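One structure is given here, and the rest of the page talks about it.
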Amino acid sequence: MARHLITSAIPYINGIKHLGNLVGSQLPADLYARYLRARGHEVLYLCATDEHGTPAELAAAKAGKPVADYCAEMWEVQSKLAEGFRLSFDHFGRSSSEQNRKLTQHFAKVLDDNGLIREVSETQMYSKADGRFLPDRYIEGTCPNCGFDSARGDQCDNCTKQLDPVDLINPHSTISGSTDLEMRETKHLYLRQSAMKDQIEEWIDTRQGWPVLTTSIAKKWLNDGDGLQDRGITRDLDWGVPVQKGDAPWPGMEGKVFYVWFDAPIEYIACGQEWVDAGKGDNWERWWRTDKGADDVRYTQFMGKDNVPFHTLSFPVTILGSGEPWKLVDYIKSFNYLNYDGGQFSTSRGRGVFMDQALDILPADYWRWWLLSHVPETSDSEFTWESFQSGVNKDLADVLGNFASRVTKFCRSKFSEAVPEGGTPGEAEAKLIADLTAKVREYETHMEAIEIRKAAAALRAAWVLGNEYLQEVAPWTTFKTDPEQAAAQIRLALNLIRLYAVISSPFIPDACADLLKAMHAEDAEWPDDVTAALTALPVGHAFTVPDVTFRKITDAEREEWQERFAGKRD
RNA sequence: GGCGCGGUAGCUCAGUUGGUUAGAGCGAACGACUCAUAAUCGUUAGGUCGGGGGUUCGAGUCCCCCCCACGCCA
């Protein structure tokens, strides 16, 4: 038994995430967490909402609510949806927590003590009407190059020319529309990532077997151009962690907050504290402090490729730069993007399926199965309704669901709703057990390597073995001449249902729980010994014929959904 | 423009450090079976491995050039 710390990239607070967001970190992390728990390991799986920054402020303003209230409400919404998808977080925290505020301020202090923070004076566009500095993308004006009238402060979307906000003709705030703007001087803190470049690179070079996607992105940022750049960690905003040196004020930084990218990853740690403070655990340091028991913890992070630079560079700079014994990540599993029907998912245009809508039309397991078995591991992958329909109908309904149905119904009709006795296992049974053992071991290997698509394929192949076996021994034929032998065959098949429910549970937890219940299974112990596991339900053990475990998606539904989610979410 | 990831059977994708007849699932065709959610099982399907050049006894798998798609960046 080992101890596994797992985190998935924390979703931003403003709004409901789409399936691409879900499959890019939380869902695979949940799969891994569930698998490890099923194998008897001790797991702490943490996630949270990322709440600070301008987008949250703007979304709150749009909703006409104070930003703190808005975030609290959205946290509830995201929390409910996570439950809906059966994401098994040990705790779902918030980056706006008191714990994170203190920890972030602590890290800033020790980084400053270690000479890794410097002050920079810069001029920035200030909007008097909004009472705030405006980031480049909140300023629009006419492009001096091509005359496009909605050029952003940093770039013209029309001619792609790189711009400086001061170059814009008639610049205005996109928040209020105000044109009363001026350049003001402001001071910011920068994290001296450049000073840590060699140490970070050395650390990354010692990471074995990381996905190409992860290391190639990290290497690019380390060595591209002038190398790893220092990065601002403060902003002129109200909503965020106030800039302080630990408990003490930071002269010259009054009224500023830490930039969201700085405090968000620290929330991984703070979330452990929240977990304890919520009464769900009693010691977070044994997960996070290598001097307090976290030495034997294996820490795995899950994230989309857009988050890789923060997790391979910025956050490690924070951790290593602190000089304190915090647990560093051991393995980073990163994902490409899931596209939607020939294009991108789009939150702003409402293109694609969002988490709430998905659960409105089908149970979580249907989504979990398709998404996980098509997770964009090696390259971007694509959601199409045809593929979704075929994956659900074929894999879940026909191969797995129907197997449980045909076996239990046959038994009920020829014997009773209990495991029948008689007969002896022969060659066919021995072959099935050998094949199944090999397949289960293969499945375990892929799961441990977090090769999710391959794991899904192996799992599906294990389901197919059951159908092959039935087809070969044909108990419906055997029964006519040798009912005892048919009983032995169906006894094995009934036990297969239980075994499938156990090993499939990380992918499709609800359906598996239903199947285990139908089989009146008393435990869900992992089949380390497949032969033994196939006698777990003894002769005479009662069961209940399960309801339709997975229903099929009709062509009419598919067409309707295809239409409904094509664009424009209200 | 720079960089990154890709371009393998109709579709979605596998293909370790280069090595016998390039694989899987879906779809399609044919056959078997009838217990089951008109489900299952079997067989078949022959793709210039984006294009060109090179290294090698031998390359989808290494090197160079080009084309295409997607993404990121300034």
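In what follows, chains carry the letters A, B, and so on, assigned in the order in which the sequence lines appear, proteins first and then strands, with residues in each chain numbered from 1. Quantities reported herein were computed from a predicted structural model and do not represent experimental measurements. Worth knowing before you read on, the calculation uses all heavy atoms, side chains too, and leaves out hydrogens, waters and symmetry mates.
Each of A:Thr477 and A:Glu468 was matched to the nucleotide of RNA chain B holding its nearest heavy atom; the match closer to the 5' end belongs to A:Thr477. Where A:Asp395 and A:Val407 meet RNA chain B, the nucleotide closest to each residue was compared, and A:Asp395 sits on the side nearer the 5' end.
Following rounding to the nearest Å, A:His374 (NE2) and B:U12 (C1') show an atom-to-atom distance of 6 Å. Across the protein-nucleic acid pair, A:Tyr340 atom OH and B:G71 atom C1' stand 21 Å apart, rounded to whole Å.
Nucleotides B:U61 and B:G18 place their P atoms 11 Å apart, quoted to the nearest Å. For the P atom pair drawn from B:C73 and B:C11, the interatomic distance equals 31 Å after rounding to whole Å. Rounded to the nearest Å, the gap between the P atom of B:G6 and that of B:C57 is 30 Å.
A donor and an acceptor atom never sit less than 3.5 Å apart when one is taken from the side chain of A:Asn402 and the other from the base of B:A39.
With a 3.5 Å ceiling on both atom-pair distances, B:U34 lacks any Watson-Crick or G-U wobble partner. Across all strands shown, nothing is found opposite B:U48 as a Watson-Crick or G-U wobble partner with both distances under 3.5 Å.
Taking the six-membered ring for Trp and the full ring otherwise, A:Tyr469 and A:Phe403 have centroids separated by 6.0 Å or more. In this structure, A:Phe383 has its ring center under 6.0 Å from that of A:Tyr340.
Between A:Lys552 and B:A39 there is a side-chain N or O to OP1 or OP2 distance below 4.0 Å. Applying the 4.0 Å criterion to OP1 and OP2 of B:G15, one finds that A:Lys454 has a side-chain N or O inside that range. Here A:Arg460 reaches the OP1 or OP2 of B:C26: one of its side-chain N or O atoms lies under 4.0 Å away.
With centres under 5.5 Å and a plane angle under 30° as the test, the ring of A:Phe410 is not stacked against the base of B:C35.
Ring geometry for A:Phe410 versus A:Trp476: interplanar angle over 60°, hence perpendicular rather than tilted (30 to 60°).
A salt bridge is absent between A:Arg298 and A:Asp330: the closest approach of a Lys/Arg side-chain nitrogen to an acidic carboxylate oxygen does not fall below 4.0 angstrom.
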